[in-house]
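A short worksheet on the structure shown next.
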Amino acid sequence: MKTTFIIAAVGLLGFASLDAVAQTQGQNQGQQQQQTEQAQGNRELVTQDNLPEAVKNALKSDVYKDWTVGEIYKVTPEEGAANAEVVYEITMTNAEGQEGVVRMNEKGGAADSGQE
């Protein structure tokens with residue numbers, strides 16, 4: 001009888017622990033998403049014509065010659081953001097249909113990820 005009680009108690013504690021872990025993970029994911037949205041700042045859909053010359057030239061380089069440019073977002077940081085550079089997020093697709101996103105600063109170089 002005592003053994004059954006102990007097994008039941010351990011089982012209940014185990015379920016309670018799993019529930020607490022799931023709630024904590026859910027809260028952490030919500031906080032991470034909120035931080036990502038804040039780090040992204042203001043996103044604006046733009047065309048290739050609106051890109052700075054340095055970014056246009058980078059897209060013409062050998063590195064991206066086999067890729068097709070898709071959607072382009074200009075991401076302007078919020079005022080007072082730690083990383084205050086404008087970032088261009090460029091969706092690209094290769095001949096095999098694989099898609100990727102390139103993040104460039106206004107100078108055509110790789111942009112900081114904004115994550116630590």
Of all heavy-atom pairs between [X] and [Y], which one has the smallest distance, and what is that distance?
X: Tyr64; Y: Ala58; answer: CD1-O, 3.2 Å
X: Asp49; Y: Lys56; answer: O-NZ, 3.4 Å
X: Gln98; Y: Trp67; answer: O-CZ3, 3.5 Å
X: Asn105; Y: Val55; answer: O-CG2, 3.3 Å
X: Leu59; Y: Leu51; answer: CD1-CD1, 3.8 Å
X: Glu106; Y: Ala54; answer: O-CB, 3.6 Å

| Verify same cluster id: Ile72, Val86 (apolar side-chain graph, 4.5 Å) | yes
Which distance, rounded to the nearest 0.5 Å, do you find between the [atom1] of [X] and the [atom2] of [Y]?
X: Gln48; Y: Tyr88; atom1: CD; atom2: OH; value: 12.5 Å
X: Lys74; Y: Thr47; atom1: NZ; atom2: OG1; value: 11.5 Å
X: Glu85; Y: Thr76; atom1: CD; atom2: OG1; value: 11.5 Å

Please tell me if the side chains of [X] and [Y] come closer than 4.5 Å, counting only heavy atoms from C-beta onward.
X: Asn94; Y: Asp66; result: no
X: Val87; Y: Met104; result: no
X: Ile90; Y: Val69; result: yes

| Is there a donor-acceptor contact under 3.5 Å from the side chain of Asn57 to the main chain of Lys60? |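 No; zero donor-acceptor contacts below 3.5 Å.
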| said: Has Asn50 got a side-chain atom pairing as donor or acceptor with Val46's backbone, closer than 3.5 angstrom? | reply: no
| field | Full working for side chain to side chain contact (heavy atoms under 4.5 Å, CB included) between Met92 and Val101 | value | CA-CA 6 Å; Met92 304 182 84; Val101 176; over 6 Å; no
| query | Got a salt bridge between Glu89 and Arg103, using NZ or NE/NH1/NH2 to carboxylate O under 4.0 Å? | reply | yes
